[in-house]
Number of protein chains: 2
Amino acid sequence: MVYIMEFKVDGACRGNGQPGSTAVAVACLFTRNGTYIPKARHLPPDNPVPTNQRAEIRAIIIALKWALVRYSELSMGPYMDVRIKSDSKYVVNSMTTWIYKWIDNGWYNAAGRPVVNTDLFQRAFALQNKISQIGKVTYAWIPREENLDADIECKEALDRIQ
Amino acid sequence: MVYIMEFKVDGACRGNGQPGSTAVAVACLFTRNGTYIPKARHLPPDNPVPTNQRAEIRAIIIALKWALVRYSELSMGPYMDVRIKSDSKYVVNSMTTWIYKWIDNGWYNAAGRPVVNTDLFQRAFALQNKISQIGKVTYAWIPREENLDADIECKEALDRIQ
RNA sequence: UGACACCUGGUACC
DNA sequence: GGTACCAGGTGTCA
């Protein structure tokens with residue numbers, strides 16, 4: 001028995017790179033009939049300052065957590081096939097390749113500087129490892145134009161918090 | 001001997017951004033007594049799809065061509081002073097500033113994507129260069145409210161083609 | 001140097 | 001409410 005979960009995720013950060021920025025992360029869970037259920041989270045306004053990158057990672061975390069909760073609700077303990085699509089090469093490459101290098105080298109980037117957003121990457125990696133024990137997680141990059149659902153949900157979530 | 005030509009130009013695109021849009025470009029040549037002679041052109045319905053921006057550039061081209069034809073009709077080979085007013089900052093800034101940057105950088109915009117409508121900009125630039133050998137071309141931005149003559153001519157031209 | 005995002009602003013066209 | 005286009009900028013990595 002295989003339980004497939006397909007997500008599109010996105011993050012948005014109004015005023016990115018400027019003081020007072022506000023950010024939102026969204027995961028959209030797609031159902032068999034082509035519709036989706038969105039889940040949005042507001043990023044804390046500081047500590048650290050929200051950025052577009054943090055929002056994109058945070059969106060991955062929403063999906064991974066969601067998959068684990070869903071699994072816990074299922075009685076038959078199926079094999080989980082979690083598929084996450086993001087338009088951020090930064091997060092997709094981070095989660096699929098770079099993170100293994102960082103774990104290996106003590107979290108330093110190619111420029112010799114400490115990797116940024118390690119807190120979120122480690123949270124995501126821990127969740128991913130949990131899922132690995134009951135299935136698998138795959139990430140795919142899609143262009144922005146194919147991520148409009150999640151993009152719209154982000155903007156609406158931002159509008160709601162103003 | 002200086003021959004001054006003053007134009008107001010405008011473009012309009014019904015259904016801009018939607019399939020089946022139709023567009024028109026107009027140049028109005030102003031005469032010493034305050035009246036003007038309009039010249040309108042219909043944009044081809046595809047290849048590429050007409051847009052408001054293409055219509056605005058096309059309007060510049062009408063004026064530039066007109067100036068060259070008029071020059072060829074004059075026997076005394078005067079110094080041409082061609083003045084074009086448009087309510088599109090996009091075209092005015094493109095023709096006065098950005099085009100030099102684009103020529104320099106191989107036609108990439110600030111986002112690193114290829115500049116759009118290069119075909120029309122290059123046509124306009126070639127005409128402008130021809131005039132530069134016999135005079136000069138200056139562009140000025142005017143607010144929409146000061147461009148009502150050309151605006152009305154556009155709408156009428158659109159109505160004529162339906 | 002490259003890439004993908006995330007914005008801020010502006011004008012027009014509908 | 002939307003699209004068509006541009007200029008500036010940051011966030012991050014290889």
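These values consider heavy atoms only, across backbone and side chains, with no hydrogens, waters or symmetry-generated copies. Each chain gets a letter, A, B and so on, in the order its sequence line appears, and its residues count up from 1. Because the structure is predicted, anything quoted here is derived from the model rather than measured.
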In this structure, how many angstroms lie between the [atom2] atom of [N] and the [atom1] atom of [X], rounded?
X	N	atom1	atom2	result
E145(B)	C13(C)	CD	P	11 Å
L120(A)	dT12(D)	CG	C1'	13 Å
L43(B)	C13(C)	CG	P	14 Å
R14(A)	U8(C)	CZ	P	6 Å
E56(B)	U11(C)	CD	C1'	9 Å

* Identify, between A111(B) and Q53(B), the residue whose nearest nucleotide on DNA chain D lies closer to the 5' end. => Q53(B)
* Structure fact -> Note: for V116(B) and Y108(A) on DNA chain D, the residue whose nearest nucleotide lies more 5' is V116(B)
* Asked: Side chain of N16(A), base of C6(C): donor and acceptor closer than 3.5 Å?
  -> yes
* Polar side-chain contact N52(B)-A12(C) base: donor and acceptor under 3.5 Å -> yes
* Structure fact -> Quick note, W98(A) side chain, CB onward, closest among dA14(D), C13(C), C6(C) is dA14(D)
* D10(B) side-chain proximity, nearest of dA7(D), dT12(D), A12(C) -> A12(C)
* Asked: Can you tell me how far the CG atom of L64(A) sits from the CD1 atom of I131(A), to the nearest 0.5 Å?
  -> 4.5 Å
* Salt-bridge present (K155(B), D151(B); N to O < 4.0 Å) -> yes
* **N-O pairing of D87(A) and R144(A) below 4.0 Å** => no
* Asked: Does K89(A) put a side-chain nitrogen or oxygen below 4.0 Å from OP1 or OP2 of dT12(D)?
  -> no
* Could you tell me whether G112(B) contacts a base, only the sugar-phosphate backbone, or nothing, with contacts defined as non-hydrogen atoms closer than 4.0 Å? => nothing
* Asked: Which of parallel (below 30°), tilted (30 to 60°) and perpendicular (above 60°) describes F121(B) and W102(B)?
  -> tilted
* To do: Take R113(B) and A12(B), find for each the nucleotide of RNA chain C with the closest heavy atom, and name the residue whose nucleotide sits nearer the 5' end.
  => R113(B)
